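Let me begin by presenting the structure, written as structure tokens, before commenting on it.
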Protein chains: 2
Amino acid sequence: MNNIVEKCKAKNVRLTDQRKVIAEVMSNSTDHPDVDELHKRVNKVDKKISIATVYRTVKLFEESGIVEKHDFKGGKARYEEAPEEHHDHLIDINSGEIIEFVDKDIEILQNKVAKKLGYKLVDHKLELYGSKIKK
Amino acid sequence: MNNIVEKCKAKNVRLTDQRKVIAEVMSNSTDHPDVDELHKRVNKVDKKISIATVYRTVKLFEESGIVEKHDFKGGKARYEEAPEEHHDHLIDINSGEIIEFVDKDIEILQNKVAKKLGYKLVDHKLELYGSKIKK
DNA sequence: ATAATTGCAAATGCTTTGCTTGTGA
DNA sequence: TCACAAGCAAAGCATTTGCAATTAT
């Protein structure tokens with residue numbers, strides 16, 4: 001079963017053939033592919049889907065809250081299916097590998113900091129960049 | 001006195017007229033200007049300095065650890081003089097205003113999280129996006 | 001002197017868009 | 001049916017770069 005397709009239906013996002021393929025590919029990805037990589041994977045299923053459609057679709061999905069966009073270092077935007085529970089990312093500066101993590105204490109402190117400054121926290125971005133400890 | 005010019009001398013970064021102007025403008029900026037804005041301010045002092053030179057110079061300064069580059073939401077990179085002490089940013093989603101803050105507890109937790117995942121923390125990015133609480 | 005720097009314009013890389021044809025509900 | 005979506009190629013935008021002329025040390 002396919003999560004993104006379900007979410008599209010729930011949110012009344014029109015489902016075309018190409019959107020179904022893109023949705024499937026994204027649902028089956030456990031990493032954080034950029035548009036180019038997504039396009040390659042999508043083309044394995046249907047060669048005729050253009051990169052413009054991939055761009056338009058990820059943007060549509062993002063605006064519908066179905067996927068999340070990340071601007072990690074490197075210039076190109078990367079996407080993942082919107083998770084049930086929020087998480088942040090640690091990026092391996094050597095391999096580029098991305099590890100997801102959750103830290104409730106940090107979240108609590110972020111809210112506290114924002115409030116102290118007179119703001120209501122609406123969104124945040126936390127990225128850790130690190131190198132593997134060899135043991 | 002001009003901090004960035006001093007830092008250039010300390011780091012053996014060749015000081016041309018245009019770099020001096022750019023350094024001065026950046027040292028006198030308390031906000032986080034993008035290259036276009038920087039170019040405008042620089043041109044008030046010397047109309048002939050090209051935007052290519054501004055791009056080359058901020059990159060040079062950044063690689064020398066003299067200024068910091070930020071990729072906040074909005075597409076264009078923004079710069080500030082490298083601070084003595086590290087700080088993070090809260091961005092007002094309505095006005096675009098940027099507030100700097102320091103939270104040692106969050107820093108400590110970040111290191112803890114990285115270590116738990118088997119990584120040595122090399123760098124991090126924390127951006128809070130919020131809206132002003134009206135009282 | 002001479003290796004580095006500048007200005008200009010052209011090139012780049014990612015992303016968006018106009019337009020015509022195709023299609024889902 | 002018919003408003004919306006796709007494909008293609010052209011345009012956009014921030015940033016980089018090749019090259020000839022200029023400059024710092």
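Residue numbers begin at 1 in each chain, while the letters A, B, ... track the order of the sequences. On a predicted model such as this, the values are computed, not experimentally measured, just so you know.
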Please determine if a side-chain N or O atom of [X] lies less than 4.0 Å away from the OP1 or OP2 oxygen of [N].
{"X": "Q18(B)", "N": "dG7(C)", "answer": "yes"}
{"X": "R19(A)", "N": "dA5(D)", "answer": "yes"}
{"X": "T16(A)", "N": "dA6(D)", "answer": "yes"}
{"X": "Y55(B)", "N": "dT16(D)", "answer": "no"}
{"X": "T53(A)", "N": "dG7(D)", "answer": "yes"}
{"X": "K59(A)", "N": "dT16(C)", "answer": "yes"}

Quick one: on DNA chain D, does D71(B) or A52(A) contact a more 5' nucleotide (nearest heavy atom)? A52(A)
Keeping the roles fixed (side chain from [X], backbone from [Y]), state whether a donor-acceptor pair exists under 3.5 Å.
{"X": "N111(B)", "Y": "E107(B)", "value": "yes"}
{"X": "H89(B)", "Y": "F72(B)", "value": "no"}
{"X": "R19(A)", "Y": "R14(A)", "value": "yes"}

Using whole Å, what does the distance between atom [atom2] of nucleotide [N] and atom [atom1] of [X] come to?
{"X": "K47(B)", "N": "dT6(C)", "atom1": "NZ", "atom2": "C1'", "result": "19 Å"}
{"X": "F72(B)", "N": "dA14(D)", "atom1": "CZ", "atom2": "P", "result": "17 Å"}
{"X": "K48(B)", "N": "dT5(C)", "atom1": "NZ", "atom2": "C1'", "result": "15 Å"}
{"X": "L60(A)", "N": "dT16(C)", "atom1": "CG", "atom2": "P", "result": "12 Å"}
{"X": "K76(B)", "N": "dG12(D)", "atom1": "NZ", "atom2": "P", "result": "16 Å"}
{"X": "K20(A)", "N": "dG24(C)", "atom1": "NZ", "atom2": "P", "result": "8 Å"}
{"X": "E63(A)", "N": "dC4(D)", "atom1": "CD", "atom2": "P", "result": "15 Å"}
{"X": "L15(A)", "N": "dA25(C)", "atom1": "CG", "atom2": "P", "result": "7 Å"}

So H32(B) and E100(B), side chain to side chain donor-acceptor pair (under 3.5 Å) or not? Walk me through it. CA-CA 10 Å; H32(B) 302 67; E100(B) 303 175 347; 3.2 Å; yes
R56(A) has a side chain; which of dA5(D), dT17(C), dT17(D) sits nearest to it? dT17(C)
Choosing from dT17(D), dA4(C), dA25(C), which nucleotide comes nearest the side chain of R14(A)? dA25(C)
Pull out every residue in residues 29-40 of chain B that has a heavy atom closer than 4.0 Å to any atom of DNA chain C, ordered by number, or say none. none
K112(B) atom NZ, over 12 foreign heavy atoms within 6.0 Å: no
If you look at every strand shown and take non-hydrogen atoms under 4.0 Å, does I49(A) touch a base, only sugar-phosphate, or nothing? sugar-phosphate
Looking at every strand, decide which applies to I51(A) at a 4.0 Å heavy-atom threshold: base, sugar-phosphate, or nothing. nothing
Nearest atoms (heavy-atom pairs only) where S50(A) meets H39(A): C-NE2, 3.6 Å
Less than 4.0 Å between a side-chain N and a carboxylate O, is that true for E81(B) and K7(B)? yes
When you measure from the centre of the six-membered ring of Y129(A), is the NZ or CZ of K125(B) under 6.0 Å away and within 45° of the axis? no
